[in-house]
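Naming: A, B, ... by sequence-line order, numbering from 1 per chain.
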Amino acid sequence: MATQIHEQNDGKRLAIGGELTIYGVADVKERLWQAAARYPQLEVDLSGVDDFDTAGLQLLLMSKRWPATQINYVNHSAAVLRLIELSNVVLGDPLILSGQD
Amino acid sequence: MDLSQALNTFIDESHELLSQMESILLSAESGDCSDDELNALFRCAHTIKGSAGLFGLDELVRFTHVVENLLDRLRAHTLEFSPELVSLLLASKDQIAALIGAVVAKEQFALDEELLAILGNYDTSRSMAQCASETSQVTVEPSIASGTEHWHLSLRFGPDVLRNGMDPLAFIRYLGNLSRHMHVETLCDHLPAIAEYDPETCYLGFEVSLEAETSKAELESVFEFVLDDAHIVILPPDSKIEDYVSLIQELPEGKQRLGELLLACGSITPSELESALSLQRKNEGLRLGEILVGEGHVQSPVVDAALAKQKRGEERRQLESRSVKVPSDRLDALIDQVGELVISCAATQVQARRAVNPELLEAAANLLRLVEEVRDTALRLRMSPIGEVFGRFPRVVRDVAKELGKEIELQITGADAELDKAMIEKISDPLMHLVRNAIDHGIESPERRLASGKDLRGTVCLNAYHESGSIVIEVTDDGAGLDPAHILRKAVQRGVVTADVSLSDAEIFRLILEPGFSTAETVTNLSGRGVGMDVVRSGVETLRGNLDILSELGCGTTMRICLPLTLAIIDGFQIGIGASAFIFPLDAVVECIDLPADIGHSEYLNLRGEVLPFMRLGQLFGISSNHKARHNVVVVRFGGKSAGIVVDQLHGECQAVIKPLGPLFSGVAGISGSTILGSGEVALILDVPQLVQLAAAGAGGRSAAAYMAHH
């Protein structure tokens, strides 16, 4: 499914839906970077992400490197959680893990 | 690379592999299965599993993995085929097909866990029963292995893998399916500064440790598609410290950092790391390749396997380059255009003839010849051997026979007879009905066969051959045959015919094609509900074919389907009645004779001692023919029957592109389509099968004439 990005709360909160994969990652990055340049704190809702891949994971990792903006991810969808668990990366957001190894 | 396209290729390939599996399994059931076939069987499952992993189809991988294990044991001859095992594997094949079907339909599919469990246990329980010494080895092995089968993989992907449609984490997820336990460390050291970040470039690397019973070749095959685009090091379970040293040396990250990662993965212990680093300090300056070869890191079986795989890949590529997949709508467009070309070619020839210019006429004739060749080639593009359909039947016959407790031998002949690809798909269902019917109703129970002195094993034959522009497909059984008296009784009982009607045997047989007619005494879950035969008939009729039933009581039944080869262009034979032009398909024309002047109102001719029914086309269509002219009879033949058709003039051969008739004319008997002649006139194409029937029926013509008169 195609990627959707919804801005909420004046752009301080983004909700991403559909696929966060190589196919849509460039768009998401562009929007996220614009928002990050405007606000010191951003919240990104991942509950609608139903497809997630290495490119998506990389975007999450990179976004944590913004010097002056804190980007927090919330409501990770199952697809996102699965890959975070698999790759063992530490993003620093509170996660609800499935408990499976 | 578009992944959805790759997925389609995977699905196509899987279907081919599955049908290959099926045919090998069926031949295994009849007792002979060579080592080559066993290897092929294993490769089928292996390839499906490998590709499925690539697309993240986890359920499919999980299931196929278990099947593959069984096949591997068959290949190694630690397990032998039994009828039970063949059934199990066939069921597994169906399960895989169903899983792939669910992928196609984008549906969730519940894996048959029961089957999976049986497959999983089959491995050990079976061999335990068969051979005790072997089992002890089999069951003990994993427990030893669990401590030692620790693999370590170092994965560094090239910057373009994501852009190329590969997902590194999908590979790793697939590895997870192969292993009992997996630990992944993601290496983020190469992530760039924010400003330089390109979201489509891959910056990540992975260190993976697995506990799995696998082989280096198998692990390598996981990465088959990214080998050019990635740096992959696989350290087998028995790797020495030196190998880890090489790894550390080889990779671009700092020594200490990598050491930590290896520690995190549990691949080495802290003391091992310490000794490795000191060893590495001593070796500084030695190049990596030298170390690798020196340490025997590259084992020769691995190299051989890699070579073999490369060779296989090449062969496959060669095979691919020999055939091209073309969307069928492009083919249709081509054939359409060639059709137009044929028409304008014919027009050119007519003009050339009128201009009385010999050079032009010769050029036009040459052009027409070439265009005809192009037409034939274009039509052949759509042709496929009927074997594509026949190939599905061994399995059907096996399953149905098993269910009914009958022994059936299936004989297939003429599988290379070709017909239009679109028709092949459509004829499959009617054929399936016929074959099931033949086994269920045609072939008697073993007891009855014995009692009537027949071979216990019944025979069903599938045969196909070309006959005068059509293809004939026959389904023959050597069963009890149809009982005309019984059918007639049933038909009267159901009110299909009245009791006082007198019918020939052939006409009685055709009654079973009526909707809702079933003669079977018992309704089985295969057939006998009386829906089968009329489905067959309508299926065949939509393809402009017809269905004949030949049967001899006690000896068997033959169902004969006659179909036109293609639906697009035909060689025609043009005739005239009054001012109208008509076309016979040339293939159906046998000969032309004069109509004897003294024929009167008889409806039969004497053709060299044979009785030939004939009809006047002018009368059939209500066209007043030119009575002064001498009449000709065109003898046509279809489905083994001949008839004479009386016409005014014979115009000779021509090319005809069949254009469908509008719905208004769909009820007109004797006409199957229209075409445009070179002169621009419209000519109707005659439906020979119907004409032959009408001529034989004698009276049929009048109703058509009445119909024409009213419209």
Side chain to side chain, [X] and [Y], heavy atoms closer than 4.5 Å:
{"X": "A:M62", "Y": "B:P199", "result": "no"}
{"X": "A:R65", "Y": "B:Y197", "result": "no"}
{"X": "B:M182", "Y": "A:L86", "result": "yes"}

Checklist line | Verdict with supporting geometry, B:I194 and A:W33, side chain to side chain contact (heavy atoms under 4.5 Å, CB included) | finding: CA-CA 9 Å; B:I194 285 276; A:W33 263 221; 3.7 Å; yes

Next item on the list: Look up atom CD1 in A:I22 and atom SG in B:C202, then write down how far apart they are to the nearest 0.5 Å.
Entry: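 One gets 9.0 Å once the value is rounded to the nearest 0.5 Å.
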
Notebook entry, point to check: Say you draw a straight line from CG of B:L204 to CD of A:Q58; how long is it, rounded to the nearest 0.5 Å?
Noted result: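 Going from the CG atom of B:L204 to the CD atom of A:Q58 covers 4.0 Å.
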
Note to self: Report, in residue-number order, which members of residues 167-176 of chain B are under 4.5 Å from chain A by heavy-atom distance.
What the structure shows: B:D167, B:P168, B:L169, B:I172, B:R173

Check: Judged by atom type as modelled, is there a donor-acceptor pair below 3.5 Å linking the side chain of B:E200 to the main-chain atoms of A:A26?
Finding: no

Next item on the list: Using the test side-chain hydrogen bond (donor to acceptor under 3.5 Å, both in side chains), find all partners of A:D45 that sit at least two apart in sequence or belong to another chain.
Entry: A:R13, A:S47, A:N75

Next item on the list: Could you point out which residue of A:V90, A:T54, A:I84, A:V89 forms a side-chain contact (heavy atoms from CB on, under 4.5 Å) with B:T186?
Entry: A:V89

Margin query: Show the nearest heavy-atom pair for residues B:V184 and A:N88, with the distance to one decimal.
Written below: O-ND2, 2.8 Å

